[in-house]
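Here the structure is laid out as structure tokens; the discussion comes afterwards.
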Number of protein chains: 2
Amino acid sequence: MVSHARPAVAVDLVILTLLDGALSVLLVRRGEPPFEGKLALPGGFLRVGDGVEDQGEDLDAAAARELEEETGLGVEDVLLEQFSTFGRPGRDPRMRVLSVAYYALVRSDLAKRVRAGGDAAETCWIPVAELREGVLAFDHEDILQVALARMREKVDTSSLAFSLVPETFTIPELRAVYSAVKGEPQDPGNFRRRVTRLIEDGVLEKAPGVRRTASKPAALYRFRSSG
Amino acid sequence: MVSHARPAVAVDLVILTLLDGALSVLLVRRGEPPFEGKLALPGGFLRVGDGVEDQGEDLDAAAARELEEETGLGVEDVLLEQFSTFGRPGRDPRMRVLSVAYYALVRSDLAKRVRAGGDAAETCWIPVAELREGVLAFDHEDILQVALARMREKVDTSSLAFSLVPETFTIPELRAVYSAVKGEPQDPGNFRRRVTRLIEDGVLEKAPGVRRTASKPAALYRFRSSG
DNA sequence: TCAAAAGTGTTCTGCTTACACCCATGA
DNA sequence: TCATGGGTGTAAGCAGAACACTTTTGA
């Protein structure tokens, strides 16, 4: 068998949550070159072991490890899903690097507890709408945009949205998620009817209690993962 | 910067076409261990250059190169799209290998011209419905299934289906593509109405001539890629 | 008592589904 | 002339868009 030059392989995370109605991404400020001082997606290199006896960790495991390191959150609380791999030559000036990209959807109640400054690096939530071109390191702007595009595709046809609301949530809270992901307001009446159908279909169920809001309290619902 | 052990990176292709109404995948018989004699998806290692000055080829370029080597077809005639990356430790017993997977959709008229036996290896089209568990090497069964699932998701919301019919095609031919991808027959009347809407929306247009069939000749249409 | 936001109702429109049926052609 | 399969018609029902309206609360 021929020997081949090998690329370095990283796993990068697009960690998203909803803060004050704005879809926000977790970014770290780079403390070293290249792109020193710029914001970047959290990530790290895949552990490969010696490659023969020990072939190292799975891609999903690497993503889960990075997520834990960066946020303290485990996969049981977060939707973590691979969406694409980026490998353009030159995307990292130091060497050939492939990034296997994952998005992680964090419930807003957990997002608030994320320790700001996990790995000694400066960590912050930034609303994606506020990001200007050129502020992200590497090709991370591309990676983020692909993640957002994929979410827009899937939000209507998967249970993705329920990963961005607390375990029990109100219809307006869920509506805020759809509005943020799709980038356009959702009609309250029509949205309510859609949710009603989800309840009839057994996807959602009513949860006890109500949520106190600035005005009229809203009923609570929860996602029925089982049965 | 720390030095990391690196995985080998391959690009594997799920090359699909429609032969006699059956969705079929191009497979090669392996001539060497591991999995000698088993069928496998065509693929090859990513060219990385020296990794510093020359960082090698893009992922898409590697996929296009493999496609050309295996089928003689170029990207201008084929829809080639990355869909996932597979990296489970142990998926290749020799060493840690990541496979960046692409699907390639080939028009049936071109598929018939694919030289059977490209790289001296035995190459053949196999209907995916006829594949039994355990006949594919590595985790290629998984890769194929993920490709098919992705196609089923996208066939209704993208122009993917037009990559599987000849440049000018009849409505029944297009219907056969949808039936094969979705795995269930499509109602002729309803399907025709859907196509009619696509024509009204300017996605398709009538093409000159008719296709002679076993019975009544069918009108021809083509995809309007531009304007 | 007023504004804000939860929650309800209504109408129109268009797509989907299911299925019956007509028609042109090759054998 | 008959079977095949291309092509047309129709009616029921559901889903989405738009929007007016009522209700309940905090300030």
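Each chain gets a letter, A, B and so on, in the order its sequence line appears, and its residues count up from 1. Values below: all heavy atoms of this structure, side chains included; hydrogens, waters and symmetry mates excluded.
- Ring planes of His140(A) and Phe138(A): tilted class, angle from 30 to 60°.
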Stepwise side chain to side chain contact (heavy atoms under 4.5 Å, CB included) check, Gln82(A) with Thr85(B)
CA-CA 8 Å; Gln82(A) 187 200 310; Thr85(B) 295; 3.5 Å; yes
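- Counting to the nearest Å, the P atom of dG6(D) and the CG atom of Leu174(B) are 13 Å from each other.
- Rounded to a whole Å, the CZ atom of Arg192(A) is 12 Å from the C1' atom of dT23(D).
- Residues in residues 141-150 of chain A take part in these side chain to side chain donor-acceptor pair (under 3.5 Å) pairs, two or more places apart or across chains: Glu141(A)-Gln145(A).
- Atoms CG (Leu198(A)) and P (dA15(D)) sit 11 Å apart, rounded to a whole Å.
- If you measure from atom CD of Glu200(B) to atom P of dG14(C), you get 11 Å, rounded to the nearest angstrom.
- Salt-bridge annotation for Glu81(A) and Lys154(A): present, with a side-chain N of the basic residue lying under 4.0 Å from a carboxylate O of the acidic one.
- Atom-to-atom, CG of Asp201(B) to P of dG14(C) comes out at 13 Å; the value is rounded to the nearest Å.
- Shown for residues 157-167 of chain A: no residue has heavy atoms falling under 4.0 angstrom of DNA chain C.
- The residue Pro217(B) sits close only to the backbone: its heavy atoms come under 4.0 Å of sugar-phosphate atoms, none of a base.
- Counting only residues at least two apart or in different chains, salt bridge (charged side-chain N to carboxylate O under 4.0 Å, His left out) contacts with residues 160-172 of chain B are absent.
- A donor-acceptor contact shorter than 3.5 Å is absent between the side chain of Ser99(B) and the backbone of Asp12(B).
- The minimum heavy-atom distance between Pro42(B) and Glu70(B), with the atom names listed, is CB-CG, 3.4 Å.
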Can you pull every protein N or O that's under 3.5 Å from an N or O on nucleotides 16-18 of chain D?
residue	atom	partner	partner atom	Å
dG16(D)	OP2	Arg197(A)	NH2	2.4
dA17(D)	N7	Asn190(A)	OD1	3.2
dA17(D)	N7	Asn190(A)	ND2	3.3
dA18(D)	N7	Asn190(A)	OD1	3.4
dA18(D)	N7	Asn190(A)	ND2	3.0
dA18(D)	N6	Asn190(A)	OD1	3.0
dA18(D)	N6	Arg193(A)	NH2	3.4

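- The separation between Lys216(A) atom NZ and dA27(D) atom P is 17 Å, rounded to whole Å.
- Near DNA chain C, defined here as any heavy-atom distance below 4.0 Å, the residues from residues 206-214 of chain B are Arg212(B), Ala214(B), listed numerically.
- Dashed line: the shortest gap from a side-chain N or O of Arg175(B) to OP1 or OP2 of dG6(D) is under 4.0 Å.
- Atoms OH and CG, on Tyr102(B) and Leu80(B) in that order, are 7.0 Å from each other to the nearest 0.5 Å.
- A pairwise comparison of heavy atoms in Arg222(B) and Ala207(B) identifies NH2-CB, 3.9 Å as the closest pair.
- Applying the salt bridge (charged side-chain N to carboxylate O under 4.0 Å, His left out) rule to pairs touching residues 172-192 of chain B yields Asp156(B)-Lys182(B), Glu173(B)-Arg211(B), sequence neighbours excluded.
- A salt bridge links Asp139(B) to Arg91(B): at least one charged side-chain nitrogen sits closer than 4.0 Å to a carboxylate oxygen.
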